[in-house]
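To keep things clear, I will list the structure first and then write my remarks on it.
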Amino acid sequence: MTDTEIASKVKEIICTILKVSQDAITEETAIGDLPQWDSLHHLQIITALEKNFNFRFTPDVMMELEDVSDLIAATTERASL
Amino acid sequence: MIPVAGQILRQADRQPDKTALTDGRITLTYAQLRSAILINVQRLKSLNVGYGDRVMIVADRQPGFVPLYLACHLSGAVTVPLPADIAPSRYAFIKKKVNPRLIIGFTDPDISTLALSAFASGDEAEVKAEPTSCDCPELPDLSDLAEILFTTGTTGEPKGVLLSQQNLAASVRNIGEFIGNTTDDIELLVLPLSHSFGLNRLRCALSNGQTLVLSGGLGNVKRLFRLMQEFQVTGLGLVPSGWAMLHHLSGDKIAQFKDQLRYLELGSSAMELADKQELMRLLPHTRICMHYGLTEASRSAFIEFHTEKAFLDTAGRPSPHTQITIRDEQGTVLPCDTLGEICVEGESVTSGYLDLPREGSFWGRAFRTGDLGRLDAQGYLTFYSRKKELINVGGEKVSPLEVEEVLRSLDFVQDCACVPTPDPRGILSEVVKAFIVTDRPELITFESIDPLIGNRLEGYKHPALYAVTDKIPRTSSGKIQRRLLT
């Protein structure tokens, strides 16, 4: 999977879980910016990314996640390990 | 005792330049908050919203919500705060029930609504541009209805809890007395504002002249800890699953604030003893207060973990100015150490439900919680179980009937039943598990069913686990025997 494909899949997972269209988010959209992006849905996103890309986020990584671009970067880094 | 909105206006007289609200981007002093409230009172008046009119309002955790919400109360209007992600069917039901004069923050195909941005948010330019010398309206009476909060009824239909100005003011007084907040406290608000817990934290902090920091929620832990550091936050409120989530996402990071956090309020669902002890270890100097309560009887009991550590397996003692009795099926008060229904009495307790008789919900003035428990000789309350068939998903109450109705509408579901089950991730206290009778067992997976439920149910109501079964056990009268399903 290329970095572009990973980014696209991460965004698709986020939008599917938040039940919003792809236009509703950009890479700058921060966690919590959309009312739907509450802690419950955030946990579902984390779990879905871990399951889909077969890795586990550690607390020190999760603490640094602030927006969509952080989620893409963290996933890309771990998915390619 | 005066209405909460009046208490907040008084704080603006006492300390006009103190920060009342901030989200890290927009900051309002108490004087600006007062100006924005008074401008919004005038705007509501120009929209013909007056005494007793109901206003459905999106409960958004942003500074703009606060002056509008308080202006509604000051105008004598009745607020109906609702979450932004409310399911369309629930929204439609509530709209029909409350017959609102005004809807704010929702798009509605049937009537015109207004955006939150149509009201003064406290933006500095705006409040300076508009006259602020408009007379402060007369405060509403304590007996006036202030708010209708919708909870999950056992039948699956939402029930509107009626809360008067007195109920809200009494709650603020009771909570403040137990927690012991000071005007110097700075509180971080991460709780949803469509529920009693979050709204009470907002009202407590502002009526006490504190600074309130609004955060986007617990998912964005980086922003949360940055706000805690930047504003030197001294207190916050969390549901137990919120703490589990924060712990999961950030490990022991909260311990870095052990000398800064003066208080933590927990509530809305039970918490494992081990989790309580872990919090005490991480926050040895913090006043960790946990409440037992319902929307109908806010903060009925309180316990503080460090000073009452011998009683951590209880829900604590009745809150200040609140009486708890344990009663039998006839409403007779039972002696100590006897199991019965927990009933609550006090000025913070609701007068009843919208369009429903009091009968069945009260014994005299005592509200029947539907929960089973007992009081010991020292006044400590032990909660045993919920008589009502509700599933507690991280503090959100879910009626299994509502979920079953949606599942039964799927053509491959012949019969079904939903039960609570412990969250396999250990974060939410319970999640919904659905047992399905079907001749298409290959379709009974989370991945295939969840998209079909879509937005017909709010996210927390979606079953997290599915199982196929041959038959749903029922009593001779047809009632589902949920306890036989595990």
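Note on naming: letters A, B, ... go to the chains in the order of the sequence lines (proteins, then strands), and numbering restarts at 1 for each one. Atom set for the values below is all heavy atoms of this structure, side chains included, hydrogens, waters and symmetry mates excluded.
Between A:M63 and B:L249, every side-chain heavy-atom pair lies at or beyond the 4.5 Å cut-off. Between B:R226 and A:E66, some side-chain heavy-atom pair lies under the 4.5 Å cut-off. The closest side-chain heavy-atom distance from B:H248 to A:M62 is below 4.5 Å. In this structure the side chain of A:L43 never reaches within 4.5 angstrom of the side chain of B:L428, judged on heavy atoms.
More than 12 non-hydrogen atoms from other residues, nucleotides or ligands lie less than 6.0 angstrom from CD of A:Q22. Residue-environment remark: CG (A:D60) exceeds the threshold of 12 foreign heavy atoms within 6.0 Å.
Chosen from A:D33, A:L40, A:T58, the residue pairing most often with chain B at heavy-atom distances under 4.5 Å is A:L40. Interface check for chain A: of the options B:A84, B:G251, B:S250, the most heavy-atom pairs under 4.5 Å are formed by B:S250.
Salt bridge status for A:K51 with B:E447: present, with a side-chain N to carboxylate O gap under 4.0 Å.
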Check step by step if salt bridge (Lys or Arg N to Asp or Glu O under 4.0 Å) holds for B:R61 and A:D38.
-> CA-CA 11 Å; B:R61 210 169 26 230; A:D38 58 15; over 6 Å; no
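A side-chain donor-acceptor contact under 3.5 Å links B:N220 to the backbone of A:I31.
There is no contact between B:L224 and chain A, counting heavy-atom distances below 4.5 Å.
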